[in-house]
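Both counts, for ligands and for their atoms, begin at 1 and track the order of listing.
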Amino acid sequence: MEILDGKKISNQIKEEITVEVAQMKERGEKVPHLAAVLVGNDGASLTYVGSKVRSCKKIGFESTLIHLPEETTEEDLLKQVHQLNNDPAIDGYIVQLPLPKHIDEEKVLMAVDPDKDVDGFHPTNFGKMALDMETFISATPFGIMELLKRYNVDTEGKHTVVIGRSHIVGRPISILMSQKGKPGNSTVTLAHSRTQNLKELTLQADIVISALGVPRFLKADMVKEGVVIIDVGITRVADDTKEKGYYITGDVDFDNVSKKASFITPVPGGVGPMTIAMLLKNTLLARERHNN
Ligand code: GUN
């Protein structure tokens with residue numbers, strides 16, 4: 001069994017980007033500038049956005065955090081989005097999800113300029129991704145593909161079972177894994193909450209990508225020997241014995257499933273850090289596109 005070490009690979013990617021940014025500076029070019037919009041005070045979102053902004057500083061990007069109060073109206077958020085679209089200093093930006101319930105998420109994501117949509121959430125970018133065109137691929141699926149690539153995991157002709165059909169992970173990764181290429185060329189089954197006999201499907205899977213958000217859902221008796229496991233779940237479980245009052249766990253019963261797996265991502269330290277690295281990569285691509 002080999003651990004797919006997302007922390008290690010994400011650090012490699014960040015080092016590669018750091019070198020490119022230093023070269024941009026030497027050439028007298030503007031360095032990439034990422035902005036993040038956060039509405040409200042959701043604990044997990046605060047952690048993620050903080051981590052994204054800190055990573056920017058470390059690798060030499062400029063960054064701007066726009067933290068708006070929970071009561072922000074949809075109209076005011078849309079104004080903020082238009083301001084970012086029209087600000088030439090900003091190469092790319094993200095609006096952290098989830099948004100408060102009184103704001104229509106779809107409306108906001110639709111308002112983001114596709115050329116600055118480093119999250120790859122805009123229908124233009126999602127559509128391009130589905131059609132094999134060059135675009136911004138959403139950071140989490142992009143990170144999974146990069147992890148498989150750098151560990152040379154064989155996906156060709158394999159049966160991949162994706163659990164979860166979210167717009168951010170399940171749906172896009174199901175498309176990417178089926179596309180021509182390496183990694184790719186996989187036969188994909190997209191399972192979700194209405195799927196019957198999930199265990200029958202996961203038992204046939206060469207690769208399981210779980211993006212469900214149910215702690216330790218995937219058990220050892222649900223997978224076959226030699227399976228490749230990608231665990232996208234990051235759930236906070238309340239625990240008073242921990243300093244933070246919670247611990248983080250994935251969708252996979254790691255201790256037991258890892259005994260049968262050929263490759264497996266840990267949580268934390270697997271897909272999570274890759275997501276940040278690929279967001280930075282997309283921001284670098286946005287800057288390069290603006291230069292050209
Ligand atoms: N919420 C959870 N994951 C993400 C992500 O990749 N981007 C944004 N903007 N919000 C998220």
State, yes or no, whether a side-chain contact exists between Ser210 and Val232 at a heavy-atom distance under 4.5 Å. no
Hits for side-chain hydrogen bond (donor to acceptor under 3.5 Å, both in side chains) against Ser193, two or more places apart or cross-chain, chain-then-number order -> none
Cationic tip of Arg289 above Phe136 ring, under 6.0 Å, 45° of axis: yes
Expected rows: ligand 1 N/O, protein N/O, dist below 3.5 Å:
residue  : atom   : partner : partner atom : Å
ligand 1 : 1 (N)  : Gln96   : NE2          : 3.3
ligand 1 : 1 (N)  : Leu97   : O            : 2.9
ligand 1 : 7 (N)  : Asp119  : OD1          : 3.1
ligand 1 : 7 (N)  : Asp119  : OD2          : 3.3
ligand 1 : 9 (N)  : Val95   : O            : 2.9
ligand 1 : 9 (N)  : Asp119  : OD2          : 2.6
ligand 1 : 10 (N) : Gln96   : NE2          : 3.4
ligand 1 : 10 (N) : Leu97   : N            : 3.0

The side-chain hydrogen bond (donor to acceptor under 3.5 Å, both in side chains) partners of Lys242 (sequence neighbours excluded) come to none
Which residue pairs pass the salt bridge (charged side-chain N to carboxylate O under 4.0 Å, His left out) test with at least one member in residues 31-41, sequence neighbours excluded? none
Do the side chains of Asp206 and Lys224 get close enough for a salt bridge, i.e. N-O under 4.0 angstrom? yes
